[in-house]
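Naming: A, B, ... by sequence-line order, numbering from 1 per chain.
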Amino acid sequence: MADKAIEAPLVALVLGPQGAYAAGPGLDEPWPRDVVGPRFGEVARQRRPRWVVWSASLGLRPLVTQGLAVPRVWDLAEVHRIIHGGWRASPGHIWAACRGLPETGVPAPPRPRLAGFDGDLFDAAGDEDGPLTASGHLRPDALTTWPSTPDRLRQLARMALDCQAYQADSLCRIVPDDPARARRTAWSESAAAVLCLELERDGLPVDRLAAEDLIGVAAGRRPVDQDDADRIRRARDRVVLAHAPGRERTDLRNPVQVRELLASVGVDVPNTRAHVLEPYRQTNPLVDALLAWRKDERIATTYGYRWLDEHVGPDDRLRGAWAACDGAAGRMTAQNGLHNLPAPLRPAICAEAGHVFVRADLGQIEPRVLAVVSADRAFAEATRSDDLYAPVAARLGSDRPTAKVAVLAAMYGQRSGAAGEALAQLERAYPVAMGLLDRAYADGVAGRSVRTFGGRLIRLGPGSAPPAPATPRPAGSSTAGTAGGRFSGASAGDVASPGLPPGTDAGRGRFARNAIIQGSAAELFKAWAATVRSAVAPLEGRIVLCLHDELLVHVPEDRAADAAAAVDTALQSAARLWSGTNAVRFVADTSIIRRWSEAKP
DNA sequence: CCGTGGACGTA
DNA sequence: CGTACGTCCACGGC
């Protein structure tokens, strides 16, 4: 029904060094540098278009940084990732897919300040003035230095519209029983990419003094110089080494030495991981001191004073780079600790004066998503309950803990041993949902690529390529992956590498099964976040953190109740639109708080 | 100098 | 009860 609505006109927007160019139906105009912001606002108001950009980062960053709202977007890079899987989605990759050119031929951008070149120089421009190389690929500088004239920008805008048409056509065929579903995914993933720019712009509010105090508890006072830092560090180490007379020279940061140290006091372990050492904690003061030391060391090194100084700005906002999807299933990623802040530091995440956080997290999102993806009517029935495991337990004739373990084991586990009997009952009670999980597992084992509910490709098999590294480094230096799973290179070894499915059969099976659930959940989450973003904007609310199933909205105190209501309403409409049904219920736990730590667990 | 593995934080 | 990611550290090969 929403699809019957008249769709927004598509307007391509390309930014260049001197200005911008906008092209769409009845619109074809260069924007000189100083009118880009105002003109964007006018066209947005008058035509309410969907802005087609090579990526939100390339096409919209300056506008978002200025504080402009960018409501409807088609991010060619994000949509490319949905259709083709993986993470690499440079303009060159987008163009190659649109024209059916081999991904392997996409020229890499020149690598700054590195000696070695890898032959890209030989794919010279076919026409010195044109945007393409001799082999028909987009030249690597096409979106950076090349578009120095309005005419060149115009060519790139036209090409963007070409690519959009190709992508829209491809998306129609991805989900045969609902051709519009993948297009909706394209819209919300594009919105997520814009949201990432806003998250980078706004940052997460930090109570700096509280943060200093909390860091001090773990890492000691702030050192005045390097010698002082070394002294404090040695003092922290001595607390542990005092339990090991004669071995005070052990380097606690060297796992091999730590293992030898533990052996000397009779603790014989294969490795020194926390869960391995936990059983010895009560009986051995050295182990207890070591594990406590590790917690402090984590904060001292990763979330210490340096972290505070480098990533929390003068406006007391913690900032890092955000990505709308990772290289595997499609969850959002964030840098600089935004996604892995240790719980003891959470009291430092504090709303500004006169503001509060509306915090909301989705309850039991993955089993509910399983109900959608599998279209299991009996399992969907269970989602009507606030606590999905209660009706499942009733149906299995077991208690709740058993039902929960069985469901989790079915979704993530080895499907053997452990919850045996309950698992067998689960299979009988919900054969449709369990069938989907079994098929996903089999696909993974066989190396067949799979898709999430919304249509994102999860690559398995020889064409899988790892994501580009998150740390900034010269583009194009990404690892060698073959194109689109087309031809088989050397198959992956037995050792897993980032973004690549594991080499073992069972490993790939679990990967595929998990990716469908986790990736589909990520889609719902982003659809929710995009809806929340526009719903709280009139309340001066801003999303300041996305954490897989949790949202933190920063909002003026007197709008908090309205914002909280909007967050819940947004979930209902986003879930309805994403799932295409009312049969599966999604629930959020929403609260209004000043500090993140006030959230229940 | 760079890549790799251990360890651990989050979901 | 498995998957994913980001970060720091030490090591070892180059």
Contact class for [X] vs. all strands (heavy atom < 4.0 Å): base, sugar-phosphate, or nothing?
X: L338(A); result: nothing
X: A515(A); result: nothing
X: L408(A); result: base

For [X] and [N], give me the distance from atom [atom1] to atom [atom2], rounded to whole Å.
X: F511(A); N: dC1(C); atom1: CZ; atom2: C1'; value: 18 Å
X: L252(A); N: dG6(B); atom1: CG; atom2: P; value: 19 Å
X: L370(A); N: dG2(C); atom1: CG; atom2: P; value: 18 Å

Practice prompt. Sequence neighbours left out, what passes side-chain contact (heavy atoms from CB on, under 4.5 Å) with D296(A)? Give chain and number order.
Written response: A218(A), R236(A)
Identify which nucleotide among [options] has an atom closest to any side-chain atom of [X], counting heavy atoms from C-beta outward.
X: K404(A); options: dC1(C), dA10(C), dA11(B); answer: dC1(C)
X: P342(A); options: dG9(B), dA7(B), dA11(B); answer: dG9(B)
X: A328(A); options: dA4(C), dA11(B), dG6(B); answer: dA4(C)

Worksheet, complete the sentence: DNA chain C nearest-nucleotide lookup for N336(A) and R331(A): closer to the 5′ end is R331(A)
Item to complete: Decide whether a cation-pi geometry holds between R395(A) and Y430(A); the criteria are a distance under 6.0 Å from NZ or CZ to the six-membered ring centre and an angle within 45° of the ring axis.
Response: yes
Discussion item. If the threshold is 4.0 Å, N to carboxylate O, is there a salt bridge linking R400(A) and D387(A)?
Written reply: yes
Discussion item. So that I can tick it off, tell me whether E260(A) and R247(A) are bridged by a salt bridge, with the cut-off set at under 4.0 angstrom between side-chain N and carboxylate O.
Written reply: no
Item to complete: Return the residues of residues 294-309 of chain A meeting this criterion: a heavy atom under 4.0 Å from some atom of DNA chain C. Order them by number, or give none.
Response: R298(A), T301(A), T302(A), R306(A)
Practice prompt. Using the six-membered ring wherever Trp is involved, compare the ring planes of W322(A) and H339(A) and label them parallel, tilted or perpendicular (cut-offs 30° and 60°).
Written response: perpendicular
Worksheet entry | Exam field: side chain Y303(A) to backbone N340(A), donor-acceptor pair closer than 3.5 Å | yes
